[in-house]
Number of protein chains: 2
Amino acid sequence: MDLRRLRYFVAVAEARSVGKAAERLRMAQPPLSVQIRKLEGEIGAPLFRRGTRGMDLTEAGQALLARASEALALAADGAEAARAVASGRRGRLSVGYMFVLANAVLPRLIPELRRSIPGVDLDFAELSASTREGRLLDRSVTVALCMPAIHHPEIQVARVGAQAFMLAMPIRSPLARLGAVPMAKLQGRPLIALPWPDHDPASSAVAALLRRHQIVMPIASRVETVHSAMSLVLAGEGLAILPACAQLGAPRGIVFRPLRDATDSIDIAVCWRRDSQSPLIRTFLKCAEKVVAPL
Amino acid sequence: MDLRRLRYFVAVAEARSVGKAAERLRMAQPPLSVQIRKLEGEIGAPLFRRGTRGMDLTEAGQALLARASEALALAADGAEAARAVASGRRGRLSVGYMFVLANAVLPRLIPELRRSIPGVDLDFAELSASTREGRLLDRSVTVALCMPAIHHPEIQVARVGAQAFMLAMPIRSPLARLGAVPMAKLQGRPLIALPWPDHDPASSAVAALLRRHQIVMPIASRVETVHSAMSLVLAGEGLAILPACAQLGAPRGIVFRPLRDATDSIDIAVCWRRDSQSPLIRTFLKCAEKVVAPL
DNA sequence: CATTGGCATACCGAAAACATATGGGTTGAC
DNA sequence: GTCAACCCATATGTTTTCGGTATGCCAATG
């Protein structure tokens with residue numbers, strides 16, 4: 001059962017004539033006649049009544065015609081759908097994001113994405129520091145909006161922006177009265193640290209920042225997320241040095257202050273599998289750059 | 001876009017491996033690999049990710065897979081449907097019938113047909129003496145249940161039964177008191193004749209019957225249908241010689257009596273286009289024979 | 001470093017399809 | 001009634017495509 005035969009069959013059925021159909025198919029009449037007879041042989045029954053004025057579908061032919069044209073349309077549609085997905089006009093894009101960025105980025109990123117790739121279904125998944133690599137590698141997310149960037153040989157990274165470090169403290173803290181906190185004021189105060197491993201730029205950036213100013217802050221706790229850090233800060237366990245965007249998700253009672261003399265920042269990055277050839281990644285990257293730049 | 005390629009594609013997608021799929025398709029691995037690449041060339045995008053452990057669908061491939069398997073199923077279903085129609089397991093049968101036979105035959109014929117060919121849609125159309133040939137020739141009915149049979153070179157006829165002629169008269173007629181009416185009693189009485197042409201066996205049968213008994217009945221009226229004949233008989237315009245089955249549709253006030261010494265009858269026939277190759281005709285004929293025989 | 005497993009490529013023989021030429025049957029015109 | 005026109009079917013040669021065998025390439029594995 002060949003699709004070409006079905007195409008020929010439909011053409012002959014519509015033209016009600018082998019000759020006319022052959023003309024429309026840009027081929028000679030005899031081979032078309034042969035193909036029709038082969039199809040009839042395959043089916044095991046005549047599909048046309050041959051008259052002196054052309055061909056006319058039998059009942060069996062009518063039964064076949066309906067499904068044959070549907071099958072043709074489906075095949076064409078399948079090819080078109082595959083092309084559309086390959087070109088990025090349609091498809092699905094799984095976006096992973098770290099929760100620190102959710103409040104600052106998603107409200108502007110999502111409308112931008114919907115405008116850029118209206119035919120694409122989007123779905124979003126929150127990533128944690130410990131799962132984000134795995135989710136990219138097993139392709140359960142296609143792109144990840146990360147802070148800080150992922151370092152992995154299989155994963156490609158594009159920096160789309162950065163956030164300055166700020167000091168998070170309880171509103172009742174004496175430091176909160178200052179417009180900007182001098183680094184020297186941090187000396188000896190307990191620090192709520194994030195669990196990012198030492199080779200990771202975020203943790204090393206905070207560590208380097210302190211080291212550069214010759215500040216020592218004892219680590220009061222190590223927590224999993226920026227939100228936990230803020231909870232402990234609110235509880236008076238210590239201070240935290242966090243990216244500025246964390247302010248947007250901060251609970252009441254926490255205030256952020258810039259660190260005077262500290263221009264250090266942490267990158268916002270888009271990450272994806274190096275071997276992923278989805279054209280949506282480039283579009284996503286453009287959107288992310290556009291949306292993150294003003295921050 | 002060839003259906004074979006789609007079949008191969010689906011096989012590879014399901015087996016997630018060219019080698020396994022080739023085995024299942026009873027062919028060698030290299031040509032299958034070539035076909036897949038040709039399909040990818042046709043689509044213009046890779047459909048599989050080639051890993052060291054086999055093949056894995058890309059998004060584009062997934063988009064194609066859904067429609068490709070549907071298209072395959074539709075094509076197979078189309079072929080099957082055509083075969084089913086050709087073999088008479090499914091399809092449509094348009095049955096024409098003349099109204100004289102409706103009361104006597106249809107109530108038993110229709111259930112019999114539905115039992116014999118449950119997958120076939122039936123539709124029924126009443127035929128008149130003047131349209132029945134045309135309806136068969138233009139295929140708007142496939143078979144016709146006729147009385148009398150049709151004579152036409154393109155139309156094939158199978159006799160399935162016969163009905164004796166009876167005399168139809170008003171219940172108040174003096175003849176109605178007889179159990180059977182001797183032919184001699186008809187001499188000179190007015191006859192309500194049907195318009196069947198002279199070469200037609202029905203009319204000629206009545207004419208021959210009268211001629212054989214040397215009876216002359218002046219023609220009071222010529223009417224189109226058996227029912228009209230009975231109306232005129234009821235109105236006292238004359239007598240009618242009608243097939244026995246017409247009794248079932250006779251209005252109150254009409255009685256039928258057998259004609260003594262007259263064994264003449266008129267055929268009940270199934271008629272169809274000689275070139276119609278529908279297998280349903282044979283089944284229909286069997287049903288009609290079975291149902292008409294006891295009459 | 002060799003071996004294994006899996007896909008891709010090269011080449012050849014076989015099968016299928018297409019084009020040209022032609023036959024046969026029916027319709028319609030003169 | 002004959003002839004021309006029309007349309008589908010058949011026959012034959014050429015070209016395209018497909019499938020099989022042999023082999024190469026690459027990565028993972030031990």
Side-chain angles (χ1 to χ4, degrees), chain A residues 1-43 45-58 60-61 72 75 137-138 152-154 273-275 277, chain B residues 1-58 60-61 72 75 137-138 153-154 273-275 277:
Chain A
M1 176 62 74
D2 187 343
L3 207 55
R4 169 180 11 199
R5 294 228 176 101
L6 291 184
R7 200 187 315 282
Y8 290 175
F9 165 70
V10 171
V12 172
E14 284 176 354
R16 307 167 61 89
S17 150
V18 177
K20 301 279 169 48
E23 197 173 338
R24 184 138 52 106
L25 292 166
R26 314 291 186 98
M27 65 186 293
Q29 169 265 319
L32 183 54
S33 184
V34 168
Q35 291 303 321
I36 295 296
R37 295 197 86 81
K38 283 191 179 171
L39 181 60
E40 288 179 320
E42 229 176 289
I43 300 291
L47 299 170
F48 291 97
R49 261 186 287 278
R50 272 80 170 167
T52 167
R53 271 271 166 273
M55 315 266 283
D56 208 8
L57 282 174
T58 62
L72 283 172
L137 291 175
D138 72 6
H152 188 282
E154 285 295 308
R273 264 190 84 119
R274 208 175 278 283
D275 68 356
Q277 76 281 46
Chain B
M1 176 62 71
D2 188 341
L3 207 54
R4 169 178 18 195
R5 295 230 175 99
L6 291 184
R7 200 186 316 281
Y8 289 175
F9 165 70
V10 171
V12 172
E14 283 175 355
R16 304 166 61 89
S17 149
V18 178
K20 302 278 171 46
E23 198 174 336
R24 187 144 43 110
L25 291 167
R26 317 290 185 94
M27 65 186 292
Q29 169 263 322
L32 183 54
S33 184
V34 168
Q35 291 302 321
I36 295 296
R37 296 198 85 81
K38 283 191 179 172
L39 181 60
E40 288 180 320
E42 227 175 289
I43 299 290
L47 299 170
F48 291 96
R49 256 186 292 276
R50 272 82 170 168
T52 169
R53 273 268 168 275
M55 315 264 285
D56 205 8
L57 281 175
T58 61
L72 283 172
L137 292 175
D138 72 7
E154 286 295 308
R273 265 190 82 119
R274 207 174 279 280
D275 67 357
Q277 76 280 47

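Everything numeric in this text was worked out from a predicted model, so none of it was measured. In the text below, chain A, chain B and the rest are named by the order of the sequence lines, each starting its count at 1.
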Is A:Glu23 close to A:Gln29 at the side-chain level, that is, under 4.5 Å between some pair of heavy atoms? no
Side-chain atoms of A:Arg50 come closest, of D:dA28, C:dA8, D:dC8, to D:dC8
Per atom distances to the B:Lys38 side chain, the nearest of D:dT17, C:dT9, D:dC8 is D:dT17
Ranking B:Arg26 and A:Val18 by the position along DNA chain D of their nearest nucleotide, the one closer to 5' is A:Val18
| said: So, does B:Ser17 get its side chain near the phosphate of C:dC7, meaning an N or O under 4.0 Å from OP1 or OP2? | reply: yes
The nucleotide from D:dC8, C:dT9, D:dC7 with an atom nearest the side chain of A:Ser33 is D:dC8
note: B:Glu23, atom CD; C:dC7, atom C1'; distance rounded to Å ~ 15 Å
B:Leu39 atom CG is separated from D:dC18 atom P, nearest whole Å, by 11 Å
When all nucleic acid strands are considered with a 4.0 Å heavy-atom cut-off, which category describes A:Arg5: base, sugar-phosphate, or nothing? sugar-phosphate
Between CZ of B:Arg16 and C1' of C:dG6 the distance, given in whole Å, is 15 Å
Could you check whether B:Gly54 gets within reach of a base, just the sugar-phosphate, or nothing at all, counting any heavy atom under 4.0 Å?
-> sugar-phosphate
B:Met27 CE to C:dA15 P, in whole Å, measures 15 Å
Atom CZ of B:Arg49 and atom P of C:dC7 are separated, to the nearest Å, by 15 Å
Regarding the side chain of A:Tyr8, the nearest nucleotide among D:dA9, C:dT26, C:dC18 is C:dC18
Exercise for the section: Please check if the side chain of B:Thr58 supplies one atom and the backbone of B:Leu47 the other of a donor-acceptor pair under 3.5 Å. Expected result: yes
The residue, A:Arg4 or A:Arg53, whose nearest nucleotide of DNA chain C is more 5′ is A:Arg4
- prompt: Checking all strands, does B:Gln35 fall into the base, sugar-phosphate, or nothing category for heavy-atom contacts under 4.0 angstrom?
  reply: sugar-phosphate
Kindly indicate, with the supporting measurements, whether the criterion side-chain contact (heavy atoms from CB on, under 4.5 Å) is fulfilled by B:Phe9 and B:Leu57. CA-CA 10 Å; B:Phe9 165 70; B:Leu57 281 175; 3.8 Å; yes
Of B:Pro30 and A:Pro31, the one whose closest nucleotide on DNA chain C sits nearer the 5' end is B:Pro30
Taken to the nearest whole Å, CG/B:Asp56 to C1'/C:dG6 is 14 Å
For a side-chain contact (heavy atoms from CB on, under 4.5 Å) check, start with the C-alpha distance between B:Phe48 and B:Ile36, then their side-chain angles and the critical distance, and finish with the verdict. CA-CA 9 Å; B:Phe48 291 96; B:Ile36 295 296; 3.8 Å; yes
In whole angstroms, the gap separating C1' of D:dC8 from CE of A:Met55 amounts to 8 Å
Beyond-backbone contact of A:Asp2 with A:Glu42, side-chain heavy atoms, under 4.5 angstrom: no
Original post:
Contact class for B:Phe48 vs. all strands (heavy atom < 4.0 Å): base, sugar-phosphate, or nothing?
Top reply: nothing
From CG of A:Leu6 across to P of C:dA17 the rounded distance in Å is 13 Å
